[in-house]
Number of protein chains: 2
Amino acid sequence: MGVRKAKAAETRAALLEAARRLFAERGYLNTKITDITKEAGRATGSFYEHFAGKEELLQALLQGMEDRAGELIDTTTVHPREHDLTDRAQLRDHIKVSWTVFREHAPVVSALFQAMVADEPGSGRAWNDLVGETDFLRRHLEYSAEQGRDLPGEPELVAAAIGAMLSMLGYAVNSARGRDFDDEAVIDTLTDLLHRGLGPRD
Amino acid sequence: MGVRKAKAAETRAALLEAARRLFAERGYLNTKITDITKEAGRATGSFYEHFAGKEELLQALLQGMEDRAGELIDTTTVHPREHDLTDRAQLRDHIKVSWTVFREHAPVVSALFQAMVADEPGSGRAWNDLVGETDFLRRHLEYSAEQGRDLPGEPELVAAAIGAMLSMLGYAVNSARGRDFDDEAVIDTLTDLLHRGLGPRD
DNA sequence: GTCTATATATTGATAGAC
DNA sequence: GTCTATCAATATATAGAC
């Protein structure tokens, strides 16, 4: 890689890092492009040499997050559908992974959440995103149903409900500064709440 | 009431109604004050004779909704805490009320949701709002705990988790136009999911 | 109280020199 | 590629006539 390309990569990285900081501080929606360039110590015009807009930068941040998350959030690749979410240990693993991603990548996840909600309600983005993010849960639940488990409802709806709980609660908890949460306790609570809910009826 | 005051009330009502329509169509965040006045057939300047800003208008819409909801969402008044949410019928009643409010007052509820998320994450508004809206659930859960029920976790956290599921799923479902949901089926699914979750361990 | 007209402030985005 | 300078488009809010 030449010197010029290295410098360009440096600027790009500086913009990404500055954006991440600002998203955490004042949120995605309240962060302006000029704020990002100022925070990164670059000129306004330089921004557009790397990103078409704020949305594209967010996608780049997401990409970087997924790269690092690696094996953790394996939702799209070869994640086997033969997981039984009515099994407490397997359910807890899934919740722990989701919760950990929320907590360790709070700036990016929160920004995605804000971007999703900011869209016009009529666009259906909220529902589509929710269904998309919980697709792997749905497949697990369908597998469980095939194994004879009695689920509380349609797999897609149940998966969306679980995803809604996790994402909204994660966003709220990430926003609650000054208050410290015991992550393991939260994971246990959510696991218990959902495990029994997914289990057999009385 | 004099003629002048009547005309003023008429303008105020027109602004509120126009805002509700636009919030439903393009969302709270994407609706500008000039959009509202144009939709209401009034001049821009008239807006500020009735509301200090968009946020205040939203609060007025919320007030009107609470007035009409009347006995339904009785969270602040004399709602008795002696409800046992581990009882399926009582749990279902609560979920049904929440869900019905979401569906019947979608423009206002969705707008509140957007306003909450749009705030700076560091403000803690998301967590505070969630805790505030689920305060009555928390009190019910504390009552159930006193009755010897074994809850999956701290009442405040469990209540927040339930509220998160309901509000996020409600927002997503309201955004999913073109897809029709069977509200009773959704209520049943959520009831089952949470009822068993709140019940005794295996 | 409502209107028209406008001031003020932001923001996204681009042009052109270096 | 990065910078400075600036345009164009909004959006909030106010002033003053009616």
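None of these values were measured; they are calculated from a predicted model. Throughout, protein chains are lettered first and strands after them, A, B, ... in sequence-line order, and every chain is numbered starting at 1. Note that these values count all heavy atoms, side chains included, but never hydrogens, waters or copies made by symmetry.
For B:Asn30 and D:dT10, the CG to C1' distance is 13 Å, given to the nearest whole Å. Computed from coordinates, the A:Glu55 CD to C:dA13 C1' distance equals 17 Å when rounded to whole Å. Atom CG of B:Leu57 and atom C1' of D:dT12 are 15 Å apart (whole Å). The distance from atom CZ of B:Phe47 to atom C1' of D:dA11 is 12 Å, rounded to the nearest whole Å. One interatomic measurement links the two molecules: NZ of B:Lys7 to C1' of C:dC3, which rounds to 12 Å at whole-angstrom precision. Taking atom NZ of residue A:Lys38 and atom C1' of nucleotide D:dC3, one finds them 16 Å apart after rounding to whole Å. A straight line from NZ of B:Lys54 to P of D:dA13 spans 10 Å, rounded to a whole angstrom. Residue A:Leu29 contributes atom CG, which lies 16 Å from atom C1' of C:dT10 at whole-angstrom precision.
Relative to the ring axis of A:Phe181, A:Arg179 places its NZ or CZ within 45° and under 6.0 Å from the centre.
Annotation: of the two residues near DNA chain D, A:Glu49 and A:Thr44, the 5′-most nearest-nucleotide partner is A:Glu49. Where B:Ala52 and A:His50 meet DNA chain D, the nucleotide closest to each residue was compared, and A:His50 sits on the side nearer the 5' end.
Distances shorter than 4.0 Å separate some side-chain N or O of B:Ser46 from OP1 or OP2 on C:dC3.
Taking only side-chain atoms of A:Tyr48, from C-beta outward, the nucleotide of D:dT12, C:dA13, D:dC3 with the closest atom is C:dA13. Closest to the side chain of A:Lys32, from the set D:dA13, C:dG12, D:dT2, is C:dG12. Nearest nucleotide to the A:Ala43 side chain, out of D:dC3, C:dT4, D:dT12: D:dC3.
Using a 30° and 60° split on the angle between ring planes, B:His83 and B:His79 fall in the perpendicular class, above 60°. Aromatic ring pairs are classed by plane angle as parallel below 30°, tilted from 30° to 60° and perpendicular above 60°; the pair B:His94 and B:Phe136 is parallel.
For the side-chain contact (heavy atoms from CB on, under 4.5 Å) with B:Arg92, the lone residue among B:Asp87, B:Asp192, B:Ile187 that qualifies is B:Ile187. Paired with B:Thr86 under the rule side-chain hydrogen bond (donor to acceptor under 3.5 Å, both in side chains), one option of B:Gln147, B:Arg196, B:Arg149 passes, and it is B:Arg149.
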*Worked check of salt bridge (Lys or Arg N to Asp or Glu O under 4.0 Å) between A:Arg20 and A:Glu17*: CA-CA 5 Å; A:Arg20 188 204 309 271; A:Glu17 183 51 34; 3.4 Å; yes
*Verify salt bridge (Lys or Arg N to Asp or Glu O under 4.0 Å) between A:Lys7 and A:Glu10, making sure each step is shown before the conclusion.*
CA-CA 5 Å; A:Lys7 273 217 167 183; A:Glu10 199 176 316; over 6 Å; no
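For A:Glu154, the CD atom sits in a loose shell: 12 or fewer heavy atoms of surrounding residues, nucleotides or ligands are nearer than 6.0 Å.
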*In dot-bracket notation, what is the pairing pattern of DNA chain C, taking Watson-Crick (N1-N3 plus N6-O4 or O6-N4) and G-U wobble (N1-O2 and O6-N3) contacts under 3.5 Å, with [ ] crossing and | for other strands?*
|||||||.||||||||||
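A side-chain donor from one of B:Thr11 and B:Arg42 sits under 3.5 Å from a side-chain acceptor of the other.
Using a 4.0 Å cut-off on heavy atoms, none of the residues of residues 14-26 of chain B approach DNA chain C.
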